[in-house]
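Just so we're on the same page: letters track the sequence lines, and every chain starts at 1.
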Amino acid sequence: MTKPAQTELPAKYVPAEHEPSVSARWDEARAFHADPARVLSGEAKPYCIVIPPPNVTAALHLGHALNNTLQDVLIRYHRMRGYETLWMPGTDHAGIATQTVVEKRVLAEEGKKRTDFPRDEFVARIQAFKDEYEERITDQLKAMGCSCDWDRQRFTMDEICARAVREAFFRLFKDGLIYRGKRLVNWDPVTQTALADDEVENEEIEGIFAYLRYPLVRAIGSGDHAPVTWSELAAKGYPGAEAFPEDDQAFVTVATTRPETYLGDTAVAMNKRDPRHKPLEGLFVELPLVGRIIPIIEDDYVVLPVSLGGDENDPKAKMATGFLKVTPAHDPNDWEIGVRHDLPVINVMAPDASISADHGWDDYDPHHGAHVFIGLSREDARKKVLNEFKARGLLEAVKPHAHSVGHSYRSHAAIEPYLSDQWYVKVTDDRLRGAALRAMAEDQRTSQLMLPRESNEHDGKLTFTPPRYAKTFEQWHENLRDWCISRQLWWGHRIPVWSRVVNIPSDAKFEGTTRISSTWSSQGCAHFAQALSEGEMIDFVCVPPAPDKSKLDQADRKFPTPDAQLNEQEIIRDLEANGFTQDPDVLDTWFSSALWPMSTMGWPDANAAGPEFAGLLDAFNPTSVLTTAREIITLWVSRMVMFNRYLLAEESSKEQMAKDPDESQGSESEIWPSGHLQSGHLPFRDVFIHAMIQDGEGRKMSKSLGNGVDPLDIIESHGTDAMRLTLCEMTTQTQDVRMPVERDETTGKNTSPKFDKGRNFCTKLWNATRFVLMMLGEKSGGEPASVSAKQLDVIDRWMLSRLARATRQIDESVASYQFSNYATALFDVLRNDYCDWYLEGVKPTLATKPGQRIVLQQVLEAILRLMHPVAPFITETIAPSVRAAFVGRVDGVTLPDGRNPDLLCTTGWPEVSDALIDEDAERRFTRMQELVEAIRRLRAQHSVPPRRKIILHADSDMVASIAGLGQVTETLAGLDAITTESPKGEAVAFDFEGIELKLSNLADAVDASAERERLELRLKELEGSIGALEKRLSNPGYTDKAPAHLVAETRGKLEQQITERDAVTKRLGELG
RNA sequence: GGGCGAGUAGCUCAGUUGGCUAGAGCAUCCGCCUUACAAGCGGAGGGUCCGGGGUUCGAGUCCCCGCUUGCCCA
């Protein structure tokens, strides 16, 4: 490692000239590589973060910059604190998003669709796209200064992660926590895949409410039906029937936002409290053009219209007719009704949401007229239905109706509730959901629904910051539904299940789903069968990933060791020879993301993964903190907690099993014990949820609005550290932060004035360092090896005190994830304290005070280290020069060498003793600052030229106390002298702490009218203030109840202001 | 509909057990190329702390009602 010898810095800090070489030095030293052995040996405590893997779909935006900056701050801080620190980087394959982007690209560039390619070939295309973006993203993260362990970078679809996915799927499947079901899913007809609940966004749309009349019929035996007339209804006491022509066919009116789904109606439901219910009992309706005869049923779900006693405040009751068309295949609520009443389920759409009779419309009969709808889109079919009903006099009304409709977060198409076979994870099982809820910190749980704790060290250890987000997590789990994990895509982890449909053997009678013993199960597969209709069943075989032999050799004696020659490919060949085919679907992306804290560390088999994975999981899982945005709490945080706890429970369940060997009898086909009597490790202990960046108007940054800011543009224009400083300062505990966006006219790129502050601050550090190096270079020599506070001047002791407080504040800020406070502490200590006061104050004395030179250098070096986690590049750039300028130590300020002192990023964190907090020095210095500010104010008011030295006249006490600070006051206030003598020429008097001081030699002649104006203004202020204080003190409630020190303070203040008022009055009198 | 934020100077925001005359940065104005720094230094002006009630000796801070605005969930 070469150490730059030069101690002089260029006049200007140009980030681009230094950042690449600093990055190279970090890389060269492998400074960010974590060694789990140091944790396992007890040498160092672990600190670990797994990166929320960015999607490979697009380059990183400012939100990523924020997210990753905060993680890097935490990581760099803890690395300097001596933790063995691992920041695991990687990217996410983002199934639907990436496939969609590539499909669009291929269509635009080559005019071809996905289905024009063989599956493997198209996946290879996506792979190539992924490679391109993965590299780009990695480069961006490096440009942002992220100190990830780049040797360990993962991708959610690489071999290591794929192995984890296979293992997790297999275990969950085997344990009955993954099942296949025919359900309504959120179907995206454009991308033609199922979506999870949280991939659906609700949007308000201007829709309609259509009122459709369904003619009433009654059964007349032998499957025939006859019309019901109004007179018949009237005879049964149907209210309002008399209003209709008595021989006309009666009807009921349903109200719907989706008329086209009437093709799949299988009932009309009404509430039993509806007075029309009795007369309609046992009757049917006939669906126009469809010809289907469907029953009228009773269900509490149906809302009564306001006219029949429905709730006036319920908007549904205002629109309702009391009759609900029930379409189980196309509406989730209707699905539930269908389940309750055992209704047929008729799907009338193709996967592209066009009307089709080929996907479950078994009673389709074109003779009735419904053929006119076949092939139409949902939207066209909707219009057509209305027209056809209108033509038959069956359209009662169409009203505009705004309501919210689910849309695909990816294609933005309206979601179609669609009946299909999908795979689900039974997250509602206590082993998953319960474990997640039990993980929550006790003081963050709000629900009444308290779960019994397990005697488990991981229960109750999951803590959210800010705490309000614990509620989001809690409520999500309490309302959880099973998780649909299959996606009809090509880009993703293929579902490792092979299936075939066979006849149910005559000797095996079963319903539902049953575990099967077979040649495959004896080879380690999980084999289930599920009954279908008509004597058929479907066989499902989940093939485990190729087992690790070493594991099998030491397998629990209770479980038969499978054939050691077991070969995954052989099993698959065998299955396919027996008529099995692999499920064509892939898994939801979040399935692999959910395993991220485990898969990246080589789970389930570090040995098989490679030597570099040894010990990772034991050393670093649970990780320290997950840093993410709030929208991810449900999508990702929840699932990581559930999976991590379930899948890392093996150890505890084995222990349990040893105590109670009878627990899992009868699972002979299993390689691994099931049971999971205890939930296992948390994936992380803390979850920090940071704010979302919006533009200046409070809108999301987006491509379509053109209000996004590209982090690389900011890095180019302001430097990485400037960006990071600004992002940290913005990170308060609120949920949104605003960043006014401006267009830079010269570059045409978006930027924000907010970043100027960060850039200016870096410049400040640069210039201060240049000054310090210059001073030390010129004057150094004669310093002792160390100096203690007792030997130092007030100004030095004050500076050390400020440094101690800043260090303390920064430590506290990091511990509580208060990044804004961290940045503020840096701004305060470097700019306000060190530059504005300390540097200015010591300028004249440095040459003669060796101890002061030590303080000058040590404080700068300490600040450099305090600043490094936020601004890594500039501090690393400057560090060698500052270190080289070392002149001695200050007792109580420890700047440890750390792991590798050649690089700032691996040196130690400053330890500044609390003993250096010097309240006396602070009090004296603060008093001096106030005096200097008062003099500066007067200088400005009297337009004293900055370079003109003036004279301060004070009493002997004041002169003595000022003298205690050396020449500092003179330097900072521009004084020629401080004297007890009276002014020779004209002077201006002012009050300081109730004592009258005077300034002379302000000018060749003092402007009396300006002085009078100033004094009159001051008098007015004082009188107002005195009045307020007197009022407060005359209130007995205050003097009796407020703390005594406050009352005393108020009295003191009043006295002082009265003194000053009298002085001002007197002075005004003198001015005439 | 349920949950969670935000509303403080022209702008972006601090203000964590209620207690000095409510702070910072940017912007504005005034004065300075004071040899580390004009991406700077010194100084100034600028606030019915969204509105209305309440608790309290005392409320930006706590409670209630309302308004505006944003996000999440259904």
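Rounded to the nearest Å, the gap between the P atom of C67(B) and that of A22(B) is 31 Å. Straight-line distance between the P atoms of U61(B) and U55(B): roughly 15 Å, to the nearest whole Å. As rounded to the nearest Å, G2(B) and G58(B) have C1' atoms that lie 37 Å from one another. Look at the C1' atom in both C73(B) and G66(B): the space between them is 25 Å, to the nearest Å. Rounded to the nearest Å, the gap between the P atom of G46(B) and that of A59(B) is 24 Å. Between A36(B) and U17(B), the distance separating the two C1' atoms is 44 Å to the nearest Å. When the P atom is used for both G23(B) and C49(B), the distance is 14 Å, rounded to whole Å.
No salt bridge links Lys12(A) with Glu17(A); every basic N to acidic carboxylate O contact stays at or beyond 4.0 Å. A salt bridge is defined here as a Lys NZ or Arg NE, NH1 or NH2 lying under 4.0 Å from an Asp or Glu carboxylate O, and Arg927(A) with Glu930(A) fails to meet this definition. Taking a cutoff of 4.0 Å between a charged side-chain nitrogen and a carboxylate oxygen, Arg808(A) and Asp811(A) do not qualify as a salt bridge. Ion pairing between a basic and an acidic side chain is recognised when a charged N comes within 4.0 Å of a carboxylate O; Arg630(A) and Asp736(A) show such pairing. A salt bridge links Glu1060(A) to Arg1018(A): at least one charged side-chain nitrogen sits closer than 4.0 Å to a carboxylate oxygen.
The residue Lys757(A) sits close only to the backbone: its heavy atoms come under 4.0 Å of sugar-phosphate atoms, none of a base. At a threshold of 4.0 angstrom between heavy atoms, the contacts of Lys843(A) include nucleobase atoms, whether or not backbone atoms are also involved. Nucleic acid contact for Pro1043(A): base, since at least one base atom lies under 4.0 Å from a heavy atom of the residue.
Geometrically, Lys843(A) engages Phe771(A) in a cation-pi contact, judged by NZ or CZ lying under 6.0 Å from the ring centre and within 45° of the ring axis.
You'll find that the side chain of Arg738(A) is closest to C13(B), out of C13(B), A36(B), G43(B). Of the listed nucleotides (U35(B), G70(B), C13(B)), G70(B) has the atom at the smallest distance from the side chain of Gln694(A). Taking only side-chain atoms of Arg630(A), from C-beta outward, the nucleotide of C71(B), G19(B), A36(B) with the closest atom is C71(B). Side-chain proximity of Lys764(A) to the nucleotides C41(B), A39(B), G31(B) is greatest for C41(B). Nearest nucleotide to the Ala940(A) side chain, out of G70(B), G19(B), G43(B): G43(B). Across A36(B), G43(B), A14(B), the shortest atom-to-atom separation from the side chain of Thr732(A) is found for A14(B). Distance from the side chain of Ser1025(A) is smallest for U21(B) among the nucleotides U21(B), A39(B), U34(B). Between G43(B), A39(B), G19(B), one nucleotide has an atom nearer to the side chain of Asn760(A) than all others, and that is A39(B). With G40(B), G3(B), G43(B) as the choices, the nucleotide that has an atom nearest any side-chain atom of Arg937(A) turns out to be G43(B). Considering only the side chain of Phe771(A), A36(B) comes nearest among A36(B), U16(B), U21(B).
One can place CZ of Arg947(A) at 14 Å from C1' of G42(B), the figure rounded to the nearest angstrom. Here G43(B) presents its P atom at 11 Å from CD of Gln929(A), a figure rounded to the nearest Å. Between the CG atom of Asn821(A) and the P atom of G15(B) there is a distance of 7 Å, rounded to whole Å. Atom CG of Leu480(A) is separated from atom C1' of C73(B) by 13 Å (rounded to the nearest Å). As rounded to whole Å, 11 Å separates atom C1' of A24(B) from atom NZ of Lys754(A). Here the P atom of nucleotide A74(B) and the CD atom of Gln475(A) are 11 Å apart, to the nearest Å. We find that CD of Glu840(A) is positioned 9 Å from C1' of A36(B), with the value rounded to whole Å. The distance between atom CG of Asn1035(A) and atom P of A59(B), rounded to the nearest whole Å, is 11 Å.
A distance-only check finds no donor-acceptor pair linking the side chain of Arg802(A) to the backbone of Asp828(A) [under 3.5 Å].
Heavy-atom distances to RNA chain B give each of Arg936(A) and His1045(A) a nearest nucleotide, and the one nearer the 5′ end belongs to His1045(A).
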N/O contacts under 3.5 Å, protein versus nucleotides 4-8 of chain B?
from, atom 1, to, atom 2, distance (Å)
C4(B), OP1, Lys471(A), NZ, 2.7
C4(B), O2, Gln735(A), NE2, 3.4

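Using a 4.5 Å heavy-atom cutoff, the side chains of Leu839(A) and Val772(A) are in contact.
Taken residue by residue, residues 716-730 of chain A places no heavy atom nearer than 4.0 Å to RNA chain B.
Remark: C20(B) base-pairs with no nucleotide in the shown strands. Criterion, Watson-Crick or G-U wobble with two distances under 3.5 Å. Of the nucleotides present, G5(B) is the one that pairs with U69(B) by Watson-Crick or G-U wobble criteria, both distances under 3.5 Å.
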